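Step one of this worksheet: look at the structure below.
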Amino acid sequence: MNRPSTPRCPVLHGADFAARPQDAYDALRETAPVAWAEIADGVHALVVTGHRAAIDLLNDTETYAKDSRAWAALQQGQVPPDSPVLALMAWRPSLLYADGERHERLRRAMDDCLARISPHQLRETTRAHAAALVAHFAPEGRADLMTQFADMVPLFVFADILGCPPEFSNRMVTACQGMINAGPEAGRAAADLAACLAELREFRKLRPGQDFTSWLLAHPSGLTDDEILHQLVVAVGAGTIPTAAWIAHGLRLLLSDDRYAGDLTGGAVTVARALEKALWTHSPMANFSAHYARYPTQLHGVPIPPGVPILISHAAANTDPALAGLGYENRSHLAWSAGPHRCPAAGQATVIARTAIETVLDRLWDLELTEDSVPNRHGPFHQCPASMHVTFRPQQEDVPLPAAAFSGGTA
């Protein structure tokens with residue numbers, strides 16, 4: 001069974017979903033903690049909306065696999081070859097699609113290289129990039145903090161982390177956005193990102209430095225060129241776009257919710273509280289973590305056939321009515337996923353998001369949102385506002401361009 005047997009099927013893409021995602025999640029919940037949805041034109045998947053069911057699936061590696069070559073509809077030619085979801089769902093030789101010993105090997109290399117990133121350096125390079133971006137629009141008294149700030153900070157920081165020459169940065173952000181937006185340009189964007197990172201891999205083979213790419217190349221796990229390339233794709237894709245969405249949602253809470261807006265003098269504590277709530281209420285990755293049943297099974301009473309993609313709705317699971325009253329300080333949300341494929345860069349993303357927000361709040365006075373309601377960007381996978389227009393007291397200040405905290409940033 002590769003598609004829903006009922007004529008009614010919630011749609012997790014397009015303008016209506018971008019404007020009112022909760023309507024789609026409510027419709028999914030009417031059926032079961034697992035239900036069919038359309039994730040792109042002509043493409044269907046099972047979607048897990050129940051928090052408990054999601055945790056059970058994410059931790060059951062005996063029953064569920066990540067290898068998307070098991071996707072029957074794709075193998076049978078039933079998924080359009082230009083479908084935008086293939087940019088993130090088609091198999092590649094990275095830890096995102098690996099199971100068992102191969103996943104452990106790739107994850108160990110990823111974890112070891114991420115662990116070498118100095119939190120202090122990361123904080124300082126984030127602050128420098130954030131301040132430089134703010135300086136560009138500070139004299140104007142208005143800005144779109146989504147496109148001019150939140151989108152850009154993680155990209156520039158990760159460009160430094162990876163050891164990118166400066167000219168790679170714009171190519172990377174354009175490609176990442178195109179992939180995760182799951183629009184008509186997704187396939188081309190995925191190819192552009194891979195080409196950019198392949199060039200970076202070859203560059204760092206010749207000129208190794210104190211950066212993530214060089215560490216990955218030298219890791220004792222002995223990754224192949226293809227594995228290194230797609231580890232870099234995962235690092236960039238997972239580290240930039242979701243972090244940008246998290247920054248935006250955190251800022252919106254701080255500027256619009258009286259429980260936070262009235263206490264901005266609380267500084268880092270207030271920012272941390274807003275960011276934690278944002279993970280619960282606006283999970284940056286909305287519907288992702290695709291799995292495939294190894295054999296016919298059931299999940300919380302729902303039949304699960306093999307060969308069908310099962311997406312975890314991190315957004316719906318985190319707002320599961322069964323969790324009412326749990327409290328936002330509780331960290332059992334699934335914004336980072338769970339199980340062996342839990343996000344490996346949660347710590348780094350937290351440093352980037354918190355430092356970026358603290359910097360913009362410190363440097364811009366009298367920030368006010370000028371939009372009450374903003375739709376998300378299109379696509380089934382992420383939950384990111386399309387814009388965040390603000391006004392503030394104009395100011396003129398000279399902020400020097402940041403010096404890269406990682407050796408590759410100036411090469």
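Remember, predicted model here, so these are calculated numbers, not experimental data. Values below: all heavy atoms of this structure, side chains included; hydrogens, waters and symmetry mates excluded.
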Do the charged groups of D257 and R273 touch, with an N to O distance under 4.0 Å? no
Does atom CD of E371 have more than 12 heavy-atom neighbours from other groups under 6.0 Å away? yes
Give the C-alpha distance, both sets of side-chain angles, the deciding distance and a yes or no for side chain to side chain donor-acceptor pair (under 3.5 Å) between E276 and H333. CA-CA 9 Å; E276 199 64 30; H333 60 73; 3.2 Å; yes
Given the rule in the side chain to side chain contact (heavy atoms under 4.5 Å, CB included) test, do L58 and Y64 qualify, once you have shown the distances and angles that lead to the verdict? CA-CA 8 Å; L58 289 166; Y64 302 98; over 6 Å; no
Test log, rule side chain to side chain contact (heavy atoms under 4.5 Å, CB included), inputs L251 and V390: CA-CA 11 Å; L251 271 170; V390 297; over 6 Å; no
Look at the side chain of S214 and the backbone N and O of P208, then say whether any donor-acceptor pair between them is shorter than 3.5 Å. no
Does a salt bridge link D362 with R127, judged by any charged N lying under 4.0 Å from a carboxylate O? no
Tell me which one of F149, F156, F158 satisfies ring-ring contact (aromatic ring centres under 6.0 Å, His included) with H129. F156
If I take atom CE from residue M146 and atom CZ from residue R377, how far apart are they, to the nearest 0.5 angstrom? 4.5 Å
Looking only at atom types and distance, does a side-chain atom of S313 sit under 3.5 Å from a main-chain N or O of V47, one as donor and one as acceptor? no
Nearest 0.5 angstrom please: L275 CG to I357 CD1, how far? 4.0 Å
Intermediate values then yes/no, side chain to side chain contact (heavy atoms under 4.5 Å, CB included), L86 and W71: CA-CA 11 Å; L86 293 180; W71 187 359; 4.0 Å; yes
To the nearest 0.5 Å, what is the distance between NE2 (H103) and NZ (K66)? 8.0 Å
Between atom CG of L232 and atom CG of L216, what is the distance when rounded to the nearest 0.5 Å? 5.5 Å
With a 4.0 Å cut-off, would you call R116 and D112 a salt bridge? no
Quick check against the 3.5 Å criterion: does R204 have a side-chain atom that pairs as donor or acceptor with the backbone of F212? no
Ignoring hydrogens and geometry, is there a side-chain-to-backbone donor-acceptor pair from N318 to T281 under 3.5 Å? no
When L254 is tested against each of L367, L361, V360 for side chain to side chain contact (heavy atoms under 4.5 Å, CB included), which residue passes? L361
So OG1 of T213 and CD of E202: to nearest 0.5 Å the spacing works out to 11.5 Å
Between the CE atom in M110 and the CG atom in L95, the distance rounded to the nearest 0.5 Å is 5.0 Å
Going by atom types only, do T319 and R29 share a side-chain donor-acceptor pair under 3.5 Å? yes
Counting only N and O atoms by type, is there a donor-acceptor contact under 3.5 Å from the side chain of T240 to the main-chain atoms of V236? yes
Could you tell me if H219 and S221 have a donor-acceptor pair between their side chains, going purely by distance under 3.5 Å? yes
Taking E227 first and then R102, would you say they form a salt bridge - that is, a charged N and a carboxylate O separated by under 4.0 Å? yes
Please assess S289 against H314 for the test side chain to side chain contact (heavy atoms under 4.5 Å, CB included), listing each intermediate value before the final yes or no. CA-CA 9 Å; S289 302; H314 305 278; 2.9 Å; yes
Evaluation steps, side chain to side chain donor-acceptor pair (under 3.5 Å), between D99 and Y292: CA-CA 11 Å; D99 299 294; Y292 302 83; over 6 Å; no
Any residue meeting side-chain contact (heavy atoms from CB on, under 4.5 Å) with N330, in chain and number order, not counting sequence neighbours: W280, L326, S332
